[in-house]
Q: 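Before I ask anything, here is the structure I am working with.
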Amino acid sequence: MHHNLLFDLDQTLLDFHASEHTALKIIMERNHQVFTEERYDLFKQVNKSLWLEFEKGSISKNELFETRFRRLFEECGCDTETMDLLRINSDFIDTMSQNGAVMTGALGFLQKIADDLPDASIYIITNGVTRNAMGRIASTGLQKYIRKVFISDAIGFSKPSPEYFKAVKNEVNEPDDSYLVIGDSLSSDMLGAKNAALASCWFMPEGKIEEAIKEYEINYTASSFDELYEIIREWASVS
């Protein structure tokens, strides 16, 4: 049996916002619009709320993709009815995939796991778009540490659904107590771990931490990669 570490990708190992910032600036300028930090903040807010709706099953992924750029370009004063928003979104994803950025300290942390915990198997669990996630992983060198990437696009279900985690567990095919879910999102990673009855570690917790720990039945919290390493080592020694 391995110690199966199920890592969320964005804002856990990869700096999603750094890649997003770079790609959005390129796409806006390509479409003859001025990129500003205020417009980037709007895009982030809209994007976050739409992903929450997607995780609930309230909207489709194409609705998410169209709406986030409709809201952005309407803010710029554009006639979005004449724009191919899905094509713009596709260009944005391609641009992001070429501009991966690692969270500070992530590669050293993964190397330490590889050196010190030979029984550990690292997997990625993400709701991201396949070419976006795989492109950014490849562009950062992260793939050398990863056994497999589980992407909602390919699975047909997304976190936090039990079906998503069932597909992951069926593929890895080891006992439930061999898994530790690690991620920054309460609504996706921690709720998913709770739904699947798996141990969890909330990475970079913020907000009402004690309330969230109770609500999502979180086993561990970590505020840095050093702290996360110690938690994983402790969990591995008793699991």
Side-chain angles (χ1 to χ4, degrees), residues 8-104 106 124 126-140 142 151-161 183-189 191 203-208:
D8 175 48
L9 187 61
D10 293 320
Q11 300 310 116
T12 301
L13 294 175
L14 291 188
D15 189 334
F16 177 85
H17 297 309
S19 298
E20 179 185 60
H21 188 279
T22 298
L24 191 65
K25 185 175 188 296
I26 292 169
I27 292 304
M28 288 191 70
E29 291 173 352
R30 189 177 292 167
N31 285 276
H32 314 294
Q33 302 303 316
V34 177
F35 175 87
T36 66
E37 294 301 323
E38 291 75 19
R39 287 173 174 174
Y40 174 56
D41 287 341
L42 170 67
F43 182 82
K44 282 199 301 181
Q45 292 169 9
V46 170
N47 198 38
K48 182 177 180 179
S49 67
L50 289 171
W51 275 106
L52 288 172
E53 292 303 309
F54 174 73
E55 288 167 5
K56 295 174 187 174
S58 303
I59 60 173
S60 69
K61 195 165 281 187
N62 275 355
E63 287 174 318
L64 186 163
F65 292 158
E66 275 196 319
T67 303
R68 65 184 182 180
F69 280 101
R70 178 175 292 109
R71 291 282 303 279
L72 174 66
F73 284 111
E74 283 176 349
E75 177 67 20
C76 298
C78 297
D79 178 6
T80 57
E81 295 303 316
T82 65
M83 302 177 76
D84 187 343
L85 297 172
L86 285 179
R87 179 194 59 77
I88 292 171
N89 182 81
S90 183
D91 289 346
F92 171 71
I93 289 171
D94 286 340
T95 305
M96 273 198 74
S97 73
Q98 298 160 15
N99 290 277
V102 184
M103 298 285 284
T104 302
I124 298 298
T126 180
N127 283 346
V129 177
T130 298
R131 70 182 188 277
N132 187 338
M134 297 305 294
R136 286 184 296 125
I137 288 170
S139 72
T140 56
L142 206 65
I151 304 177
S152 57
D153 271 355
I155 291 176
F157 299 98
S158 58
K159 298 180 295 180
S161 72
D184 68 303
S185 171
L186 290 174
S187 62
S188 176
D189 306 312
L191 180 57
F203 189 51
M204 301 294 187
E206 58 181 21
K208 298 179 179 179

Q: Please confirm whether the backbone N or O of S158 pairs with a side-chain atom of S161, one donor and one acceptor, at under 3.5 Å?
A: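 Such a contact is found between S161 side chain and S158 backbone.
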Q: What is the distance from atom CE of M96 to atom CZ of F16, rounded to the nearest 0.5 Å?
A: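 Rounded to the nearest 0.5 Å, the CE-CZ separation comes out at 4.0 Å.
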Q: How far does CG of L13 sit from CD1 of I124, to the nearest 0.5 angstrom?
A: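 Output value for this atom pair is 5.0 Å.
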Q: Could you pull out the closest heavy-atom pair between F69 and L24, with the gap in Å?
A: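 The answer is CE2-CD1, 3.9 Å.
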Q: How many angstroms lie between CD in E66 and CG in L50, if you round to the nearest 0.5 Å?
A: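 So the CD of E66 and the CG of L50 are separated by 11.5 Å.
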Q: Using the side chain to side chain donor-acceptor pair (under 3.5 Å) criterion, which residues pair with S58? Sequence neighbours excluded.
A: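 Side chain to side chain donor-acceptor pair (under 3.5 Å) check on S58 returns E53.
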Q: Could you tell me whether a side-chain N or O of S139 sits under 3.5 Å from a main-chain N or O of G100, the two making a donor and an acceptor?
A: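 Present.
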Q: For E37, I'd like to know if atom CD has over 12 heavy atoms of other residues, nucleotides or ligands within 6.0 Å.
A: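 Yes, CD of E37 has more than 12 neighbouring heavy atoms, counting only those of other groups under 6.0 Å.
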Q: What residues form a ring-ring contact (aromatic ring centres under 6.0 Å, His included) with F65, not counting sequence neighbours?
A: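 Expected list: none.
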Q: Could you tell me the separation between the CG atom of L52 and the NZ atom of K48, rounded to the nearest 0.5 Å?
A: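 Answer for the CG-NZ pair, L52 versus K48, is 7.0 Å.
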Q: With sequence neighbours excluded, tell me which residues meet side chain to side chain donor-acceptor pair (under 3.5 Å) with R131.
A: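 Side chain to side chain donor-acceptor pair (under 3.5 Å) list for R131, sorted by chain: S90, D94.
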Q: Can you list every pair that meets side-chain hydrogen bond (donor to acceptor under 3.5 Å, both in side chains) and has a residue in residues 74-85, with sequence neighbours left out?
A: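 Passing the test, one end in residues 74-85: no pairs.
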Q: More than 12 non-hydrogen atoms from neighbouring residues, nucleotides or ligands closer than 6.0 Å to NZ on K61, yes or no?
A: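 Yes - once you tally the heavy atoms of other residues, nucleotides and ligands closer than 6.0 Å, there are more than 12.
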Q: Indicate yes or no for a side-chain donor-acceptor contact from T67 to the backbone of L64 under 3.5 Å, with no hydrogens or angles considered.
A: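 No, because the side chain of T67 does not come within donor-acceptor range (under 3.5 Å) of the backbone of L64.
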Q: Tell me every residue that passes side chain to side chain donor-acceptor pair (under 3.5 Å) with E55, counting only those two or more places apart in sequence or in another chain.
A: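 Side chain to side chain donor-acceptor pair (under 3.5 Å) list for E55, sorted by chain: S187.
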Q: Under the rule for side chain to side chain donor-acceptor pair (under 3.5 Å), what residues qualify as partners of D15, not counting sequence neighbours?
A: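 Listed in chain order: nothing, the list is empty.
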Q: Mind listing the closest non-hydrogen atom pair of V34 and R39 along with its distance?
A: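 In this case the closest contact between V34 and R39 is O-NH1, 2.8 Å.
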Q: Roughly how far, to the nearest 0.5 Å, is the OG atom of S185 from the CH2 atom of W51?
A: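 Separation between the atoms: 11.5 Å.
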Q: For Y40 and E20, run side chain to side chain contact (heavy atoms under 4.5 Å, CB included): C-alpha distance rounded to whole Å, both residues' side-chain angles, the deciding distance at 0.1 Å, then the answer.
A: CA-CA 9 Å; Y40 174 56; E20 179 185 60; 2.9 Å; yes
Q: Please round to the nearest 0.5 Å and tell me the distance separating atom CD1 of I88 and atom CG of N31.
A: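 So the gap between those two atoms works out to 4.0 Å.
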Q: In this structure, is the centre-to-centre distance between the rings of H21 and F43 below 6.0 Å?
A: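 Distance test on ring centres: not under 6.0 Å, no.
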Q: Closest heavy-atom contact between A101 and T140?
A: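 For A101 and T140, the tightest heavy-atom pair comes out as N-CG2, 3.7 Å.
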Q: If I compare all heavy atoms of D10 with all of D184, which pair ends up nearest, and what's the gap?
A: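 Taking D10 first and D184 second, the nearest heavy atoms are O-OD1, 3.2 Å.
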Q: Measure across N127 and K159 and return the closest heavy-atom pair with its distance rounded to 0.1 Å.
A: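 It is OD1-N, 2.8 Å.
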Q: Between N99 and R136, which heavy-atom pair has the shortest distance, and what is it?
A: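 Looking at all heavy atoms of both residues, the closest pair is C-CG, 4.5 Å.
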Q: Do the side chain of T12 and the main chain of L9 share a donor and acceptor less than 3.5 angstrom apart?
A: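 Flag not set: sc T12 to bb L9 has no pair under 3.5 Å.
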Q: With a 4.5 Å cut-off on side-chain heavy atoms, are L72 and Q33 touching?
A: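 No - every pair of side-chain heavy atoms lies 4.5 Å or more apart.
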Q: Distance-only, no hydrogens or angles: does the Q11 side chain make a donor-acceptor pair with backbone N or O of H17 under 3.5 Å?
A: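 Yes; judged by distance alone, with no hydrogens or angles, the pair exists.
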